[in-house]
Amino acid sequence: MFAGPYFSGMGSFDNSTTAGVLVYKHPSSNNHLKKLPTLKPTLPPINATGFVANFTKKFRSLANAKFPANVPQTVDRKFFFTVGLGTNPCPKNTTCQGPNNNTKFAASINNVSFVLPSVALLQSYFFGQSNGVFTSDFPQNPTIPFNYTGTPPNNTMVSNGTKAVVLTFNTSVELVMQGTSIVAAESHPLHLHGFNFFVVGQGFGNYDPNKDPSNFNLVDPMERNTAGVPAGGWIAIRFLADNPGVWFMHCHLDVHTSWGLRMAWIVLDGPQPNQKIPPPPSDLPKC
């Protein structure tokens with residue numbers, strides 16, 4: 001087996017190939033193994049986004065009685081998030097290595113670069129002390145639509161804030177995540193805490209809400225908690241918000257997360273006792 005990295009961004013790294021040998025022992029004899037040829041596969045280029053996307057599109061859930069694929073067939077709330085890079089002003093008396101003069105790299109979802117609060121989101125939400133910690137006005141759609149995968153806008157600056165989306169318990173959600181070409185078109189592996197979701201669609205270019213939903217797979221899509229938004233493309237996921245709490249969603253590239261490519265979902269309590277957030281333990285250490 002040969003394995004190599006997939007990398008859609010800019011920069012240098014170790015792109016060497018690693019190899020492993022699998023030996024299967026026949027129950028009756030091992031002699032015939034020595035006569036078999038060694039098959040050496042050819043790996044695609046390290047930046048073969050199309051190959052990666054076509055390969056992952058083949059993944060399917062089992063979708064049988066023992067392992068059902070409980071894909072939400074109807075949707076209560078639809079969201080459209082742009083995910084990508086951007087810039088922030090360089091702080092005074094510092095030197096930054098951003099793409100333009102006096103800027104530093106940033107990343108955002110719907111142009112909101114997430115700022116970590118000084119108090120834990122779950123703590124402030126549970127005790128009803130969110131004022132000054134976070135707001136619940138995270139945009140459902142981009143505030144300024146543009147050609148997401150075409151020529152980027154002249155203004156690459158992002159906004160900064162600690163914002164969350166609030167969902168009623170048991171809300172069925174459809175979320176389209178659209179990659180952008182601002183600064184650079186890169187693949188972003190988005191990870192959602194607290195839930196598994198179904199990847200019902202994906203494609204390249206700009207998502208078309210009039211045409212693309214007709215090709216969604218609502219029968220046996222793969223079930224994940226992390227999925228890559230392809231460079232210069234989009235993915236559509238669905239999940240059921242049946243787990244009350246405050247849940248982080250972020251890029252799994254650490255540097256992008258540190259630049260602000262993250263946000264939070266708040267799922268309200270349900271009516272039953274087992275559908276509510278339990279209180280923190282009495283011996284929980286204070287920050």
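When a residue number appears, it is its place in the shown sequence, counting from 1.
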Backbone N/O of [Y] and side chain of [X]: donor-acceptor pair under 3.5 Å:
| X | Y | value |
| --- | --- | --- |
| Asn206 | Thr149 | yes |
| Ser113 | Trp259 | yes |
| Glu223 | Pro221 | no |
| Asn110 | Thr82 | yes |
| Ser130 | Ser124 | no |
| Asn15 | Pro5 | no |
| Thr257 | Cys251 | yes |
| Lys276 | Gly270 | yes |
| Ser187 | Gly228 | no |
| Asp76 | Ser172 | yes |

So, for [X] and [Y], which heavy atoms are closest and what is the spacing to 0.1 Å?
| X | Y | result |
| --- | --- | --- |
| His188 | Gly84 | NE2-CA, 3.8 Å |
| Ala69 | Ser61 | CB-CB, 4.0 Å |
| Pro230 | Thr49 | CB-CG2, 4.3 Å |
| Pro91 | Cys96 | CD-SG, 3.8 Å |
| Leu167 | Arg77 | CD2-NH1, 3.7 Å |

Minimum side-chain heavy-atom gap [X]-[Y] below 4.5 Å:
| X | Y | answer |
| --- | --- | --- |
| Met263 | Val112 | no |
| Phe195 | Val267 | yes |
| Pro280 | Gln123 | no |
| Pro279 | Phe126 | yes |
| Phe239 | Pro72 | no |
| Pro89 | Met157 | yes |
| Thr162 | Val115 | yes |
| Arg224 | Ile237 | no |

Stepwise side-chain hydrogen bond (donor to acceptor under 3.5 Å, both in side chains) check, Thr87 with Thr156: CA-CA 6 Å; Thr87 58; Thr156 62; 2.8 Å; yes
Ring pair (Phe, Tyr, Trp, His ring centres under 6.0 Å) between Phe114 and Phe138, worked out: CA-CA 10 Å; Phe114 190 85; Phe138 190 90; 8.5 Å; no
Phe248 reachable from Val119 in the ILVMFWY side-chain graph, under 4.5 Å edges: yes
Verify same cluster id: Val158, Val229 (apolar side-chain graph, 4.5 Å): no
Residues in side-chain hydrogen bond (donor to acceptor under 3.5 Å, both in side chains) contact with Gln202, at least two apart in sequence or another chain: none
Atom [atom1] of residue position [X] - does it have more than 12 heavy atoms of other residues, nucleotides or ligands inside 6.0 Å?
| X | atom1 | answer |
| --- | --- | --- |
| Asn131 | CG | no |
| Asn102 | CG | no |
| Leu284 | CG | yes |
| Gln73 | CD | yes |
| Asp254 | CG | no |

What about the rings of [X] and [Y], do their centers lie closer together than 6.0 Å?
| X | Y | answer |
| --- | --- | --- |
| Trp265 | Phe197 | no |
| Phe55 | Tyr6 | no |
| Phe216 | Phe198 | no |
| His256 | His250 | no |

Residues Asp212, Trp234; criterion side-chain contact (heavy atoms from CB on, under 4.5 Å); working and verdict: CA-CA 11 Å; Asp212 289 325; Trp234 57 270; 3.5 Å; yes
Lys92/Thr94 under side-chain contact (heavy atoms from CB on, under 4.5 Å): CA gap, chis, key distance, verdict: CA-CA 5 Å; Lys92 290 183 178 180; Thr94 59; over 6 Å; no
side-chain contact (heavy atoms from CB on, under 4.5 Å) assessment of Ile109 paired with Val83: CA-CA 5 Å; Ile109 302 177; Val83 296; 4.0 Å; yes
side-chain contact (heavy atoms from CB on, under 4.5 Å) partner of Asn111, the single match among Pro142, Pro139, Ser159: Ser159
Working for ring pair (Phe, Tyr, Trp, His ring centres under 6.0 Å), residues Tyr148 and Phe80: CA-CA 12 Å; Tyr148 307 113; Phe80 183 80; 5.6 Å; yes
Test log, rule side-chain contact (heavy atoms from CB on, under 4.5 Å), inputs Asn170 and Leu240: CA-CA 6 Å; Asn170 247 14; Leu240 185 65; 3.9 Å; yes
Aromatic ring pairing His191/His252, orientation class (parallel under 30°, perpendicular over 60°, tilted between): tilted
